[in-house]
Amino acid sequence: MSQKRNIPIRSRVAKPHAPQFASFLALFLIMKLLAACSPPSLENKMLGDIRPPIVRDAKLKNAGEFEIEFDEQVLVSKEAFSVEPKRVAACAESSGEKVCVSLVPQPVPGEKVILAGTVKDMFGNSTHVQVQFKGYNDRPAGIILTEVQAAKNASKKSPHRDYVEFLVNKGGNLGGMFVQWASSSKTMRYDFMPCEVKADEVIVLHLAPEGLPEEKDETGEDRALSGGIDSTAEGRDFWSEAGGLPDSSGAISVFEREGSLPIDGLFYSESSKSGPLDSSKLIAIVQGLSDAGVWPSTSPLKWENAFLWKPSASRPFIRTSLSEFGASAWKVGESGSQTPGSFSR
């Protein structure tokens, strides 16, 4: 199923050729003088259509097609668009106000793609368009939160640092999937790189790395590749430098792709908090979780909607039910009960 994407667009109007510019400018100034003492429509009648086509919408239709819609009928040649990475070829075709660009081979799920080209309207006015997007993932993996360590544990015997653990409940590719987490003042994000995973694998996303060379992303078959605190040979480790989790109150959301509703999440709060949620950062994430039906909440949102706890760096959040969503599906584990990468509940 196609998903509409919010994609940054750059467009540039083609300039008149240098030899024609002086006469074009002179004619334009003359028309301005005539327009001052003539009917408003005179300029258009004498100059014709000099306005370039404008982009109305741009989106990935599927893994191998990108569609751009303009505000008027446009024409385009098959070779009018180019793509980065260069191993992907672009073939454009126009139909009315829309241009469809086929991408062969289709970009890898989650990889950065830049598409650029020029279109013309029926009067020859041209617009250069450049869009950036991620390769469409038509086989997103199913992942569910199972354990969260929200703070650094200073224990010398059994140290732990911020991490989020996931169980893969449906095999697929992680490319283009992403995780967001927020405190009352800041929102952070991690985008998974392309990686095939199988059902029942365990993924550990480390959010407070120490910058050690052995902290390596495990995108291949070797799940013992990475070292570092909380890495294990059983789990598939990824490392993010976006920032750690809030120690006492925060929210986490998991997405299949840009523009979609979250597929899972966690909203946790220090038990002393109450009343309306007053942070725009947290409201954005928690409202998304509520809209998706993965974290039941009241309206307006309240701190009481969260999983309430007494913050502790030695005790993790542990999921107790894979079939339920919301606060009732979680508990606080015993001190030292962290088991990143080895889900067995």
Side-chain angles (χ1 to χ4, degrees), residues 1-32 35 40-138 175-176 191 194 257-260:
M1 185 173 85
S2 64
Q3 296 283 340
K4 185 173 180 179
R5 306 279 301 280
N6 295 323
I7 298 171
I9 302 171
R10 299 178 183 175
S11 60
R12 183 171 68 247
V13 181
K15 296 180 180 179
H17 296 296
Q20 302 172 344
F21 185 69
S23 58
F24 176 86
L25 180 60
L27 178 59
F28 181 75
L29 293 175
I30 292 172
M31 292 310 305
K32 282 292 184 183
S41 61
L42 180 61
E43 180 179 352
N44 287 339
K45 288 180 180 179
M46 296 189 66
L47 287 179
D49 182 356
I50 60 172
R51 186 178 65 84
I54 297 173
V55 175
R56 276 183 176 169
D57 192 21
K59 62 184 178 183
L60 271 169
K61 292 182 65 179
N62 51 54
E65 291 183 304
F66 194 93
E67 184 180 83
I68 308 173
E69 182 179 357
F70 296 86
D71 65 341
E72 60 178 312
Q73 185 174 351
V74 292
L75 298 173
V76 65
S77 65
K78 290 184 178 181
E79 302 80 18
F81 280 78
S82 61
V83 188
E84 289 285 349
K86 293 190 180 298
R87 61 176 176 76
V88 179
C91 181
E93 184 177 357
S94 59
S95 177
E97 300 171 351
K98 296 180 179 181
V99 171
C100 183
V101 184
S102 299
L103 306 171
V104 181
Q106 68 186 48
V108 174
E111 78 172 326
K112 177 182 174 181
V113 180
I114 299 176
L115 179 66
T118 300
V119 303
K120 293 183 178 181
D121 65 12
M122 307 306 290
F123 295 90
N125 304 304
S126 61
T127 296
H128 183 79
V129 178
Q130 179 173 303
V131 294
Q132 180 177 311
F133 56 94
K134 291 181 180 179
Y136 186 88
N137 187 349
D138 55 0
D191 291 78
R257 59 175 63 90
E258 200 78 50
S260 66

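Because the structure is predicted, anything quoted here is derived from the model rather than measured.
In this structure, SG in C100 is found 12.5 Å from CD in E69, a value given to the nearest 0.5 Å. Atom CD1 of I54 and atom CD of E97 lie 12.0 Å apart (nearest 0.5 Å). Atoms CG and CD, on L115 and E84 in that order, are 11.0 Å from each other to the nearest 0.5 Å. How far CD of E258 is from CG of L60: 11.0 Å, rounded to the nearest 0.5 Å. Taking CZ from F70 and CZ from R56, the interatomic distance works out to 11.5 Å, rounded to the nearest 0.5 Å. In this structure, CG in N62 is found 8.5 Å from OG in S102, a value given to the nearest 0.5 Å.
Side-chain contact between P53 and V119 is present, with heavy atoms from C-beta onward closer than 4.5 Å. With contacts defined as side-chain heavy-atom distances shorter than 4.5 Å, the pair K134/P107 does not qualify.
Counting only distance, with no hydrogens or angles, the side chain of T127 and the backbone of P52 share no donor-acceptor pair below 3.5 Å. A donor-acceptor pair under 3.5 Å is formed between the side chain of N137 and the backbone N or O of G175.
The two residues S77 and A92 make their nearest non-hydrogen contact at O-CB, 3.6 Å. Closest approach of T118 to H128, counting heavy atoms only: OG1-ND1, 3.2 Å. Closest approach of K112 to I114, counting heavy atoms only: CE-CD1, 3.9 Å. When all heavy atoms are compared, the tightest approach of P194 to P109 is CG-O, 3.0 Å. Heavy-atom minimum distance, Q106 versus A63: CB-O, 3.3 Å. Nearest approach of F81 to V99, heavy atoms of both residues: CE1-CG1, 4.2 Å.
With sequence neighbours excluded, no residue forms a salt bridge (Lys or Arg N to Asp or Glu O under 4.0 Å) with D138.
Pairs engaging residues 71-83 under the salt bridge (Lys or Arg N to Asp or Glu O under 4.0 Å) rule: R51-D71 [sequence neighbours left out]. Pairs passing the salt bridge (Lys or Arg N to Asp or Glu O under 4.0 Å) check and including a residue from residues 114-130, sequence neighbours excluded, do not occur.
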